[in-house]
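Data block below; observations after.
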Amino acid sequence: MKIDPSKLDWRDAHELLVGAVLPRPIAFVSTIGENGVNNVAPFSFFTSISVKPAYVGFSVGRYREGRKKDTLVNIEFSNDFVINIVTEELIDAMNQASKDYPSDVDEFKEAGLTPVKGDLVRSPMVAESPVNMECRLVQIMQFGEAPRINNFVIGEVLRVHVKDYLWMDNKIKADRLKAVGRLGEELYCRTTDMFEKKRPLTL
Ligand SMILES: Cc1cc2nc3c(=O)[nH]c(=O)nc-3n(C[C@H](O)[C@H](O)[C@H](O)COP(=O)(O)O)c2cc1C
């Protein structure tokens, strides 16, 4: 089978990519709107980009008719956002927050989550997530043509809040974090089947 994404319709091209690029980490992105309403939504087109500076990025699509998602509108307004890591306990809340609510709806309330003030940004953090990254907007890139535009949002991580129970030897312990990953279709995976593989020594 050989498939050219450019020849597929948007939905099939999306399925092809999410079926091949996996498991994907999930950025649970919290923001605040110009109207003062808190917002939170999951994005699995998410990655770290560089270490110093500590840049992370995630890709926001548009709704079918070309409308911008609230997360993007809010970041364009406030120039900041928080990335909260999705753990097994947060799956239901994350799924609820992925619904397309009108921008005057507080998605923390809808998902049963608690907003906490960050130290350095205006966007709220999700109290229930054990890792929160306060980010300042660096750049928004744009790809594709209307109405199916993707915007890649790059932010600098200014501060990371890590719950004490995760922290050992100056590291976040993955077996305690219990982060979930996103696969294709409506599938997810847990991080409970880990194995270690030492890298070959480099001379
Ligand atoms: C696990 C998961 C991952 C998602 N990843 C993305 C993504 O990478 N990009 C995107 O545009 N939408 C993604 N979505 C859909 C958004 O979360 C959804 O459109 C949401 O309503 C956007 O909310 P907002 O309008 O409040 O920003 C994902 C949904 C789920 C459940």
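The first residue in the sequence is number 1, and the count goes up from there. Bear in mind that the values here come from a model prediction, so they are computed numbers and not experimental data. Indexing begins at 1, ligand by ligand and atom by atom, following the structure's order. Hydrogens, waters and symmetry mates play no part in the numbers below; they use all other heavy atoms, side chains included.
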**Asked** Do you know which two heavy atoms are closest between I85 and S129, and how far apart they sit?
**Response** O-OG, 2.7 Å

**Request:** Decide yes or no on salt bridge (Lys or Arg N to Asp or Glu O under 4.0 Å) for R64 and D100, but give the supporting numbers first.
**Result:** CA-CA 12 Å; R64 215 164 303 159; D100 176 21; over 6 Å; no

**Request:** Could you tell me which residues satisfy side chain to side chain contact (heavy atoms under 4.5 Å, CB included) with I3, sequence neighbours excluded, listed by chain and number?
**Result:** M1, L8, L16

**Prompt:** Is it the case that more than 12 heavy atoms not belonging to E145 sit under 6.0 Å from its CD atom?
**Reply:** no

**Prompt:** Are the side chain of D9 and the backbone N or O of R11 linked by a donor-acceptor pair below 3.5 Å?
**Reply:** yes

**Request:** Would you please test F81 and F43 for ring-ring contact (aromatic ring centres under 6.0 Å, His included) and show each step?
**Result:** CA-CA 13 Å; F81 56 92; F43 295 88; 9.7 Å; no

Check each N or O atom of ligand 1 against all protein N or O atoms and list the pairs under 3.5 Å, with atom names and distances to 0.1 Å, one per line.
from	atom 1	to	atom 2	distance (Å)
ligand 1	5 (N)	S44	N	2.9
ligand 1	8 (O)	S44	N	3.1
ligand 1	8 (O)	F45	N	3.0
ligand 1	9 (N)	S59	O	2.9
ligand 1	11 (O)	G61	N	2.7
ligand 1	11 (O)	K69	NZ	2.9
ligand 1	12 (N)	K69	NZ	2.9
ligand 1	14 (N)	P42	O	3.4
ligand 1	17 (O)	P42	O	2.8
ligand 1	19 (O)	K69	NZ	2.9
ligand 1	21 (O)	Y63	OH	3.1
ligand 1	21 (O)	S98	O	2.9
ligand 1	21 (O)	K99	O	3.3
ligand 1	25 (O)	Y63	OH	3.2
ligand 1	25 (O)	D70	N	3.0
ligand 1	26 (O)	N39	OD1	3.1
ligand 1	26 (O)	N39	ND2	2.9
ligand 1	26 (O)	E107	OE1	3.4
ligand 1	26 (O)	E107	OE2	3.2
ligand 1	27 (O)	D70	N	3.4
ligand 1	27 (O)	T71	N	2.8
ligand 1	27 (O)	T71	OG1	2.5

